[in-house]
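For reference, the structure is listed below as structure tokens.
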Protein chains: 2
Amino acid sequence: MTQEETVFQYIKKAIIENRLPPGTRLRELKLAEIFSVKRGLIRKVLTRLTNEKLVDHQQNIGAQVAIPSLKDGQDLFSTRQILEQAVMRILCQKITDIEVRYLQKYLQKEQLAYQQGNHKLSLRWSIDFHKELAKLTGNSVIEEFLIEIINRTPLVILSQLGEDPAHSCVNHEHTEIIEALSRRDSESAVRLMNQHLSHLEKMFSMKPQKATTNLEEVFSE
Amino acid sequence: MTQEETVFQYIKKAIIENRLPPGTRLRELKLAEIFSVKRGLIRKVLTRLTNEKLVDHQQNIGAQVAIPSLKDGQDLFSTRQILEQAVMRILCQKITDIEVRYLQKYLQKEQLAYQQGNHKLSLRWSIDFHKELAKLTGNSVIEEFLIEIINRTPLVILSQLGEDPAHSCVNHEHTEIIEALSRRDSESAVRLMNQHLSHLEKMFSMKPQKATTNLEEVFSE
DNA sequence: TGATGCTTTATTGTTGACAATATTGTAGGC
DNA sequence: GCCTACAATATTGTCAACAATAAAGCATCA
């Protein structure tokens with residue numbers, strides 16, 4: 001992997017896993033020192049992260065971890081629902097038994113981590129589960145867009161709730177989804193996925209508004 | 001608009017309108033001369049176009065207009081269908097009469113251009129029609145992704161058919177779609193959009209394989 | 001002729017120095 | 001104290017020179 005790719009993945013992961021909360025200033029020189037790379041490389045990485053809407057960049061001012069608005073979050077969730085529904089339908093058509101077992105392995109890792117109290121790790125597996133579903137469709141465009149959406153989800157949640165709510169997919173819902181997939185029961189799979197995402201969305205929209213308030217939103221009228 | 005944005009839009013438009021056919025080499029210095037800008041700016045623009053998959057960039061070799069494969073095209077079309085179906089459902093819920101009339105204006109421009117024999121212009125309005133539908137949903141994420149998909153469509157078609165087929169949406173189908181929308185008839189709107197996209201996809205997959213053949217695809221086994 | 005290795009040219013990639021801009025700090029007047 | 005203006009600092013943006021790489025041209029030999 002190239003140096004640029006390495007740094008890119010590092011920062012991206014840190015944002016997705018909420019170690020860099022929304023609004024964090026990302027200074028080029030500082031990052032360059034931390035990763036022992038030139039500033040130019042950091043610049044390229046920040047541009048890429050900006051394209052994926054994980055970072056917000058303002059001319060002559062700099063970059064910070066993005067703070068998606070409430071509406072951004074709502075739009076993201078409805079689009080995610082549309083695409084993950086479609087994923088369910090596609091998978092019920094074409095998934096193989098081997099792939100079902102492959103998915104179950106993800107589930108086990110997620111469960112194990114949860115039982116061991118490692119919620120961060122559990123969350124990571126849980127996110128990967130959704131990404132794997134997208135990949136198994138075999139449709140590169142769905143994969144591309146859905147993975148981007150999934151990556152934005154933690155930021156969207158954290159920008160509304162102040163603290164990290166250890167947001168996590170409910171594991172037994174993942175289990176039920178896999179069961180529906182293994183029966184190739186398209187209707188159930190879609191229904192279960194919808195329920196599942198509604199739960200996630202509900203957590204996100206119940207807002208004990210965050211401590212560091214989004215000033216733009218407050219004074220938007 | 002910034003210089004960078006201007007150049008970006010210029011090149012992007014040229015690709016979408018098939019004035020820069022798939023495979024065209026895009027040399028940094030040459031582009032810099034053409035637009036009277038520094039090479040650095042061209043570099044940034046090419047990076048952005050690469051992110052949108054309109055340009056393909058290879059390390060140390062350079063950039064060329066992307067040549068999407070047959071599978072890329074198929075994946076693009078099925079994803080486009082998923083999203084435009086969803087757009088129809090959303091619009092039937094929330095579109096206003098004013099917005100319906102706004103859409104009709106696009107249609108008229110498209111028709112006028114067609115009758116005047118200006119097929120290029122007609123195609124442009126036709127593409128914009130689909131983009132407007134996406135925008136009217138009010139969902140920024142759908143808009144973002146669907147516009148990107150729509151922009152990739154001409155390349156995908158041209159990469160399969162050798163020559164520019166003056167591919168164009170069938171105008172009366174657009175008319176029917178608007179009529180269904182104005183009746184808020186969700187089922188019809190979805191059905192009509194599906195038919196409409198099938199026609200487009202059919203044209204794309206009937207391949208009198210192009211003259212400059214895609215070598216990778218030929219020898220892919 | 002055609003294959004091989006070397007040289008030259010064309011093109012992309014990187015970097016450090018500088019310019020432009022924004023932010024912070026300070027002093028003076030009221 | 002607090003506002004303003006100005007100076008100092010920090011940060012981002014740009015560029016021209018150079019390095020690295022790939023492509024093209026050319027000569028040599030079988």
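Naming convention: chains lettered A, B, ... in sequence-line order (proteins, then strands); numbering from 1 in each chain.
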Exercise. Would you find a donor on one side and an acceptor on the other, under 3.5 Å apart, between the side chain of B:Ser36 and the backbone of B:Ala32?
Worked result: no
Whole Å only: how far is the [atom1] atom of [X] from the [atom2] atom of [N]?
X	N	atom1	atom2	value
B:Lys30	C:dT11	NZ	C1'	13 Å
B:Leu26	C:dT12	CG	C1'	14 Å
B:Arg43	C:dT11	CZ	P	14 Å
A:Leu29	C:dT15	CG	P	14 Å
A:Arg27	D:dA10	CZ	P	11 Å
A:Leu31	D:dT11	CG	P	12 Å
A:Gln3	C:dT14	CD	C1'	11 Å

Problem set entry | Heavy-atom pair with the smallest gap, counting every atom of A:Leu103 and A:Ile95 |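 Nearest pair, atom of A:Leu103 first, then A:Ile95: CD1-CD1, 4.0 Å.
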For this session: Give me the residues of residues 57-65 of chain A where at least one heavy atom lies under 4.0 Å from an atom of DNA chain D, by number, or none.
Result: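 Heavy-atom cutoff 4.0 Å gives A:His57, A:Gln59, A:Asn60, A:Ile61, A:Gly62.
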Exercise. Between B:His130 and B:His174, how do the two ring planes meet: parallel, tilted or perpendicular, split at 30° and 60°?
Worked result: perpendicular
Exercise. Could one point to a donor on the side chain of A:Arg39 or the base of C:dG16 with an acceptor on the other under 3.5 Å away?
Worked result: no
Exercise. Between C:dT15, C:dT12, D:dT14, which nucleotide gets closest to the side-chain atoms of A:Lys38?
Worked result: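 Looking only at side-chain atoms, A:Lys38 lies closest to C:dT15.
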Problem set entry | Salt bridge present between B:Glu17 and B:Lys120 (N-O < 4.0 angstrom) |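 Judged by the 4.0 Å cut-off on N to carboxylate O distance, B:Glu17 and B:Lys120 do not form a salt bridge.
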Problem set entry | Ion pair check, B:Asp128 and B:Arg124, cut-off under 4.0 Å | no
Problem set entry | Residue whose nearest DNA chain D nucleotide is more 5′ - B:Lys44 or B:Arg25 | B:Lys44
Exercise. For A:Val45, which of A:Leu49, A:Ile42, A:Thr47 qualifies under side chain to side chain contact (heavy atoms under 4.5 Å, CB included)?
Worked result: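 Of the listed options, the one satisfying the test is A:Leu49.
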